[in-house]
Amino acid sequence: MIEIKNLTKIYTTPTQEILALDDVSLRVEKGEIFGIIGLSGAGKSTLIRCINMLEKPTRGSILVGDREITALDKEDLRTARQKIGMIFQHFNLLSSRTVFENVMFPLEIARVPTNQAQRRVNELLELVGLEDRADSYPAQLSGGQKQRVGIARALANEPLLLLSDEATSALDPQTTRSILELLKDINRQLNLTILLITHDMNVIKEVCDRVAVIDDSRIVEVGDVLDIFANPKIPTTRSFISAVMNREVPEELLYRARTETSPNTTKLIRISFIGASAGEPVISNMVRKFDIDANILYGNVDRVKDTPFGNLTLEMIGEPDLIIQAMEYLHGRGLEIEVLNDV
Amino acid sequence: MSDAISLVISGSWLSSFLGTNTWVVSSVAVATWETIYMVGIATLLSYVFGLPLGVVLVTTDRGHILENQAVNKILGGIVNAVRSIPFIIFLILIIPLTRIIVGTYIGTAASIVPLTLAAIPFVARLVETSFKEIEWGLIEAALSMGASPWQVICKVLLPEARPSVILGVAITTINLVGYSAMAGIVGGGGLGTLAYYHGYQRYEDVVMWPTVIVLIILVQGVQMLGDGLAARITDKRR
């Protein structure tokens, strides 16, 4: 759906050049919810704004659908933009228009005949649950309602792609959840591709299929959200994950395991489990089967998008051979294992 | 406005003040109408030209939807130049032009020319300020939907800035009331001429005071009308 190739953006000010995006390449598939996470100033905002050319890239190309958006003239770009919806952190609704008229706005721009446009607006307001607020002005709405109007407006011209620029960053956690649910519903119902940027790993965890981590103008890690949560490769990613899901073993436990026990007879392991295996009694099966002791030190279970996901830190005590066999058994059950007290 | 005038006249202190000078009533009434006429037409015309000029000044600015540094700098320079000339001097300076347009430089119709020309750059800056108050995010949202610059101007800038532009109209009108009095001194007609010939040259307090009172009422009325219209729009949106 989107193919970004070697995208570079340099802002030139009279005194200096600022590299905002450094040779970024990325593919977003049709129908997926793709998240880009990064700290402020990392370049994520520039990246998403290049996709509808609100920012002109310095180098590189972007394909949206089958159109090379970076190569269009003004007229074609306007037509292409009508098929790329966008929602914003501060909603950007027109205060001079009612909810109904705000949703009507993109249809006016696309010169859709009035009758047809009005019908479409009613459908959209129903979709986002704001039929009864059609005649209200934005100032009379709550943040969550404003973003629903923003979403309805972005969907008006039946876009191929929805861009979400920190759409939940100005909302409280409960409202954020309801907006994210709405985005998930829309993605499922319309098979609409969604590209979102955020600094909040919760957003990624709740709705995204895949994620790219952007740090210092570069994409540093890309992958399925579950894989990234189970096995983050770089410190930036780990720190994002630890903000929403505690996977670190308390320091005292690690210290004790490392100093007071022999690494041969005691192994400290972290097991990550994803999906169905989270429901299986693998640990008790293992204990019965291999005649070792397993002491649970730490654990938690959560959900990533709609999949159960968790991790468990175990102290396994017993014959070295048996411990290794037990670990192989766990691995065989599809669990990700990491030994924490290897010397 | 005639209501306001008769109210002033029927006041008992005023009727004793006027005494036998009832001719003042008709002079003030005529002059008031001339002022309203001059200022009204000049305000209207200054917006016909000043509003588009303001739009051009905003949209050709750096990073805006019709960025054009050359146009922006040249127009901005002209606007500043006209605004830096005191009106009383500007009035005399453009007499030749006024003659070409109206055929004379004396009288109410002739005054409309300098009033309008002086107000255009003022209006342009007021409009520019009103448009700059609009959050850039709104313009960007419209662009992201594929809006053309013209659509951004008509569907975002103008409607969003409407309350602020209306207040600007009130300010412009009030300024023009003041300017029109200056025009009156060089024969422009209206309350200015009346105050100058009777009040200043002949020391007739009996003319001076009613003139001042009418001016105060005019200005108050315009400001209240502007405030009211602007509030009606913002209240609805609130």
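We name chains A, B, ... by the order of the sequence lines, and we start the count at 1 in each one.
Around atom CZ of B:F90, more than 12 heavy atoms belonging to other residues, nucleotides or ligands sit under 6.0 Å away. The local environment of NZ in A:K184 is crowded, with over 12 non-hydrogen atoms from other residues, nucleotides or ligands closer than 6.0 Å.
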Output the donor-acceptor atom pairs between chain A and chain B under 3.5 Å, with atom names and distances to 0.1 Å.
from   : atom 1 : to     : atom 2 : distance (Å)
A:R49  : NH1    : B:E140 : OE1    : 2.8
A:R49  : NH1    : B:E140 : OE2    : 3.0
A:R49  : NH2    : B:E140 : OE2    : 2.9
A:R81  : NH1    : B:L143 : O      : 3.4
A:N92  : ND2    : B:G137 : O      : 3.1
A:S95  : N      : B:E160 : OE1    : 3.4
A:S95  : N      : B:E160 : OE2    : 2.8
A:S95  : OG     : B:E160 : OE1    : 2.7
A:S96  : N      : B:E160 : OE2    : 2.8
A:S96  : OG     : B:E160 : OE2    : 2.7
A:E108 : OE1    : B:K155 : NZ     : 2.8
A:I109 : O      : B:Q151 : NE2    : 3.3
A:Y137 : OH     : B:K236 : NZ     : 3.4
A:Q140 : NE2    : B:R238 : O      : 2.8

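Distance CG/B:L138 to CZ/A:F91: 12.5 Å, rounded to 0.5 Å. In this structure, CD1 in B:I134 is found 9.5 Å from CG in A:L94, a value given to the nearest 0.5 Å.
Heavy atoms closer than 4.5 Å to chain B are found in the backbone of A:L93, but not in its side chain. With a 4.5 angstrom heavy-atom cutoff, A:I84 touches chain B only via backbone atoms.
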